[in-house]
2 protein chains.
Amino acid sequence: MSDDQPISPTLPGHLIRRLHQLSTQIFAQRIKDAGSDLTPVQFAALDALAARPGIDQARLAEMIAKDRATIGGVVDRLEQKGLISREVSPEDKRARVVRLTPQGQATLSHLLPVVQELQRDILPGLSAAEYDQFLALVGKATRAAEAN
Amino acid sequence: MSDDQPISPTLPGHLIRRLHQLSTQIFAQRIKDAGSDLTPVQFAALDALAARPGIDQARLAEMIAKDRATIGGVVDRLEQKGLISREVSPEDKRARVVRLTPQGQATLSHLLPVVQELQRDILPGLSAAEYDQFLALVGKATRAAEAN
DNA sequence: GCATTTTAGTATGTATACATATCAAAACTC
DNA sequence: GAGTTTTGATATGTATACATACTAAAATGC
């Protein structure tokens with residue numbers, strides 16, 4: 001017979017995928033309610049550029065853990081929305097330095113509190129102590145994985 | 001001034017995204033080492049079909065928490081690889097019932113232990129106790145989120 | 001200082017992921 | 001039981017995500 005229980009849904013990999021999925025859904029909903037349509041990655045890019053204005057795309061990709069191909073598309077779309085500017089680096093003709101436009105800065109300022117706010121709802125049903133515990137464990141695991 | 005630290009990387013949403021990313025990278029690497037090129041979603045689909053042979057695509061989508069449009073593509077690719085068969089349901093002409101082919105069954109049997117094995121490496125740097133704790137917390141959070 | 005290698009960005013192709021629209025079929029309503 | 005609504009699947013369009021290949025420019029090695 002072949003009606004054993006599937007094992008996938010109980011595996012860490014699946015649970016992580018599912019949590020990621022729920023997280024992006026909540027993000028999309030709250031950002032939409034706030035009158036915007038930024039994706040999590042686009043928000044992360046704006047946030048990174050606010051901290052390091054004028055870095056190039058490769059540096060930006062590193063900061064938010066994407067590859068160069070992916071960041072190329074993200075930067076394209078942010079530029080089309082008028083939220084960032086892009087120009088050839090004076091020091092390195094291969095590189096494009098990127099920075100927030102005033103509109104990008106305004107958008108980020110508007111959304112920062114919204115994004116802070118929604119984080120708690122990504123992990124519903126956890127007590128404050130469990131929430132902190134979860135964050136500590138995820139942080140530990142990702143740091144260990146990145147150390148390789 | 002604008003060189004504050006970015007806040008994104010410290011947020012739960014980002015950590016979850018990063019963990020998901022690391023998880024799929026490890027999955028891809030180990031599956032490749034085992035001589036296959038299945039993705040996490042394709043594996044989950046095979047695993048679900050082994051437990052419920054002959055369900056339709058909508059039911060399959062529910063089981064692994066994808067929407068119908070996404071599952072359509074996944075099923076297309078699995079069919080092209082010869083791992084599943086698809087035919088119109090006798091009871092409902094709209095529905096397509098899906099099941100593993102012998103080759104799909106063999107692939108699943110081959111990969112099941114590999115996938116079991118790699119789970120532990122998705123969360124490196126955690127002790128056994130922390131690992132269990134993490135799983136319990138993720139499970140609790142996803143169940144709570146799905147309850148809405 | 002020239003040849004080799006590395007790096008920045010883009011282009012291309014595949015695979016999720018999801019919203020929306022459409023078609024056909026089933027379920028429901030009165 | 002005809003009309004409405006819901007449902008299963010597909011089609012289309014957008015956005016990651018990543019591998020690979022390519023061009024141009026910079027860094028390096030000897």
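Within every chain, numbering begins at 1; the chains are lettered A, B, ... in the order of the sequence lines, protein sequences first and strands thereafter.
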**Asked** Does the pair A:R94/A:D56 count as a salt bridge with the N-to-O cut at 4.0 Å?
**Response** no
Below 3.5 Å, can you tabulate the donor-acceptor pairs from side chains in residues 11-19 of chain A to any protein atom, sequence neighbours excluded?
residue, atom, partner, partner atom, Å
A:R18, NE, B:E146, OE2, 2.6
A:R18, NH1, A:Q21, OE1, 2.7
A:R18, NH2, B:E146, OE2, 3.4

**Fill in**
Interatomic distance, CD@B:Q119 vs CZ@B:R30, rounded to 0.5 Å, equals 10.5 Å
**Item:** Whole-Å gap separating C1' (C:dG9) and CD (A:E87)
**Value:** 16 Å
**Atom-to-atom span, CZ of B:R96 to P of C:dA26 - whole angstrom** = 12 Å
**Request:** Output every pair passing ring pair (Phe, Tyr, Trp, His ring centres under 6.0 Å) with a member in residues 109-131 of chain A, not counting sequence neighbours, ordered by first then second residue.
**Result:** none
Using nucleotides 20-25 of chain D, report all nitrogen or oxygen pairs with the protein that are shorter than 3.5 Å.
residue, atom, partner, partner atom, Å
D:dA25, N3, A:R94, NH1, 3.4

**Prompt:** Hey, can you pull the residues of residues 13-28 of chain B with a non-hydrogen atom under 4.0 angstrom from DNA chain C?
**Reply:** none
**Item:** Angle of first-five versus last-five pair axes in the helix from C:dG1-D:dC30 to C:dC30-D:dG1, to 10 degrees
**Value:** 30°
**Item:** Length of the line joining B:L78:CG and C:dT14:P, which is rounded to integer Å
**Value:** 16 Å
**Prompt:** Taking atom P of C:dT12 as reference, at what distance in whole Å does atom CG of A:D67 sit?
**Reply:** 17 Å
**Prompt:** Just how far, in rounded Å, is C1' of D:dT6 from CG of B:D56?
**Reply:** 15 Å
**Message:** List the residues meeting salt bridge (charged side-chain N to carboxylate O under 4.0 Å, His left out) with B:D33, not counting sequence neighbours, and say none if there are none.
**Reply:** none
**Prompt:** Nearest-Å distance, CG (B:D76) to C1' (C:dT14)?
**Reply:** 13 Å
